[in-house]
Protein chains: 2
Amino acid sequence: MPEPARKTRQREAIRDAIAAAKAPVGPREILESAAGGAQGLGLATVYRTLKLLVQAGEILTVDIPGESPRYELAGKGHHHHFLCKACDKVYELDGCCGHFDELTPKGFEVTSHDLTLFGHCANCVKKTRTSSGARDSAPKVHKHALKH
Amino acid sequence: MPEPARKTRQREAIRDAIAAAKAPVGPREILESAAGGAQGLGLATVYRTLKLLVQAGEILTVDIPGESPRYELAGKGHHHHFLCKACDKVYELDGCCGHFDELTPKGFEVTSHDLTLFGHCANCVKKTRTSSGARDSAPKVHKHALKH
DNA sequence: GTGGATGCAAACTCTTTGCACCTTG
DNA sequence: CAAGGTGCAAAGAGTTTGCATCCAC
């Protein structure tokens, strides 16, 4: 049987990078931010470690429609996320309006759910109002997202 | 100025394929299902047309965490989706528990949201209960999803 | 006839995997 | 020193783009 999880420089660095971030981070950012703790760190290792940490329940996948996955520390309690369409930043939201069972067809069993709010964060709302009546600062085109 | 949208065999076929589907469909499925109306149809055309239709507001992107995007006809009214973790099928849910503003920090403006429910559909619940006490029929591993 | 639309293949991004080498316990 | 971990490069899946050809208007 596979004795689980060895403790290595790179794993520490990756976990730390995620813990240090104030918002969910993607593999690329993790690589860069963890480079300090582990020079020569490879992207493949980041992915492998992320998979391990998710399976171990230490981190959670934050999957926002139209974006590639980010990761955050587990154990912060149930919450959801807000994506600012202007600056592309992700914010954590407290709480959850969770009576979804009402929406669920008979015979179905709901085991989990995922909620994301989109809009403009306080910063961007302010900016938009100050700088001329300009609409959305930029059209914001996502590479893979055909999202409207 | 670009006179918008020409009417072609392939566009008809693609729109029809989406309209005919009872659940949101992905580019690959659309290609196959639209092949009847347009032989020789290329995947690139499907993608290009999807982008057009989304921009035109005729279809919507259905982005389910851990899955690649699917598309559905617009104009069905506000609703969300349910993904069965056992059979991987997507179902439409009526309604929406929509008082998200309570969760939103001051100064933020919410313009849209996205909700997905996960669990087991009636069919799969039945199967699980009938065939031995077996848990989830299969561990269900998604290619890209590190999701737990 | 002309500009938009299409097909094909090449290019890109994100993620996973194979393999030889290194490291932890 | 053995099993597991790492780096690099190659392989894959999904999506986009360049370009020559085609076709709707």
Side-chain angles (χ1 to χ4, degrees), chain A residues 1-15 17 24-32 34-56 58-59 61-71 88 139 141-148, chain B residues 1-15 17 24-32 34-35 37-56 58-59 61-71 88 141-148:
Chain A
M1 41 240 54
E3 350 168 346
R6 207 166 274 192
K7 181 182 154 188
T8 68
R9 199 165 35 94
Q10 355 336 48
R11 280 185 193 173
E12 300 273 280
I14 291 171
R15 197 199 319 268
V25 283
R28 206 110 223 161
E29 300 167 79
I30 295 174
L31 177 64
E32 286 160 23
Q39 348 106 306
L41 178 62
L43 196 46
T45 300
V46 173
Y47 278 105
R48 281 188 281 235
T49 303
L50 286 173
K51 187 175 293 186
L52 277 177
L53 293 176
V54 168
Q55 283 168 350
E58 296 191 39
I59 63 174
T61 306
V62 177
D63 227 317
I64 292 177
E67 304 268 307
S68 32
R70 306 169 194 218
Y71 300 86
D88 219 50
V141 177
H142 289 305
K143 21 351 187 181
H144 281 187
L146 307 187
K147 201 116 196 170
H148 173 47
Chain B
M1 42 240 55
E3 354 168 342
R6 210 164 271 192
K7 181 181 155 188
T8 67
R9 197 165 37 91
Q10 7 315 61
R11 280 186 192 171
E12 299 274 279
I14 291 171
R15 196 198 321 266
V25 283
R28 206 111 222 160
E29 299 166 80
I30 294 174
L31 177 64
E32 286 160 23
Q39 347 106 307
L41 179 60
L43 195 45
T45 300
V46 173
Y47 279 105
R48 280 188 282 235
T49 303
L50 286 174
K51 187 174 294 187
L52 277 178
L53 293 176
V54 168
Q55 285 169 351
E58 296 190 40
I59 63 174
T61 305
V62 177
D63 226 318
I64 292 176
E67 304 267 308
S68 32
R70 305 172 195 217
Y71 300 85
D88 219 50
V141 177
H142 289 307
K143 21 351 181 169
H144 281 187
L146 308 185
K147 202 119 193 170
H148 172 47

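Computed from a predicted model, the values in this text were never measured in an experiment. For the numbers below, each heavy atom of this structure counts, side chains included, while hydrogens, waters and symmetry mates do not.
- The number of heavy atoms from other shown groups lying within 6.0 Å of CZ (Arg28(B)) does not exceed 12.
- At the phosphate of dG5(D), neither OP1 nor OP2 sits under 4.0 Å from any side-chain N or O atom of Thr8(A).
- Here the C1' atom of nucleotide dT15(D) and the CZ atom of Arg28(B) are 11 Å apart, to the nearest Å.
- The residue among Gln39(A) and Lys7(B) whose nearest nucleotide of DNA chain D lies closer to the 5′ end is Gln39(A).
- We find that CD of Glu12(B) is positioned 16 Å from P of dC23(D), with the value rounded to whole Å.
- Summary of the strand contacts: Arg9(B) and Leu43(B) both lie near DNA chain D, and taking for each the nucleotide with the nearest heavy atom, the more 5' one is attributed to Leu43(B).
- Between Gln10(B) and the phosphate of dG7(C), there is a side-chain N or O to OP1/OP2 separation shorter than 4.0 Å.
- Among dT17(D), dT6(D), dT6(C), the nucleotide with an atom closest to any side-chain atom of Thr45(B) is dT6(C).
- Here the C1' atom of nucleotide dT6(D) and the CG atom of Leu52(A) are 12 Å apart, to the nearest Å.
- Looking at heavy atoms from C-beta onward, Tyr71(B) lies in side-chain contact with Val54(B) at the 4.5 angstrom threshold.
- Between the C1' atom of dT6(C) and the NZ atom of Lys51(B) lies a distance of 16 Å, rounded to the nearest Å.
- In this structure, Arg11(A) reaches the sugar-phosphate backbone alone: every heavy-atom distance under 4.0 Å involves primed, P, OP1 or OP2 atoms, never a base.
- The base of dG7(C) lies close enough to the side chain of Arg48(B) for a donor and an acceptor atom to sit less than 3.5 Å apart.
- Ranking dG25(C), dT17(C), dG3(C) by closeness to the Arg6(B) side chain, first place goes to dG3(C).
- Protein atom CG of Leu53(B) is 13 Å distant from nucleotide atom C1' of dA5(C), rounded to whole Å.
- Separating the CD1 atom of Ile30(A) from the C1' atom of dC14(C) is a distance of 14 Å, rounded to the nearest angstrom.
- Among the protein residues, Gly26(B) comes within range of no part of the nucleic acid, since none of its heavy atoms lies under 4.0 Å from any strand.
- Within the structure, a side-chain polar atom (N or O) of Tyr47(B) is placed less than 4.0 Å from OP1 or OP2 of dT15(D).
- Nucleotide dT17(D) holds its P atom 14 Å from the CG atom of Leu50(B), rounded to whole Å.
- Looking only at distances, a side-chain donor or acceptor of Arg11(A) sits under 3.5 Å from a matching main-chain atom of Arg6(A).
- Atom CG of Leu43(B) is separated from atom CD of Glu32(B) by 10.0 Å, given to the nearest 0.5 angstrom.
- Scanning both residues, Ile14(A) and Val46(A), for their nearest heavy atoms gives CD1-CA, 3.8 Å.
- If you measure from atom CD of Gln55(A) to atom P of dG5(D), you get 12 Å, rounded to the nearest angstrom.
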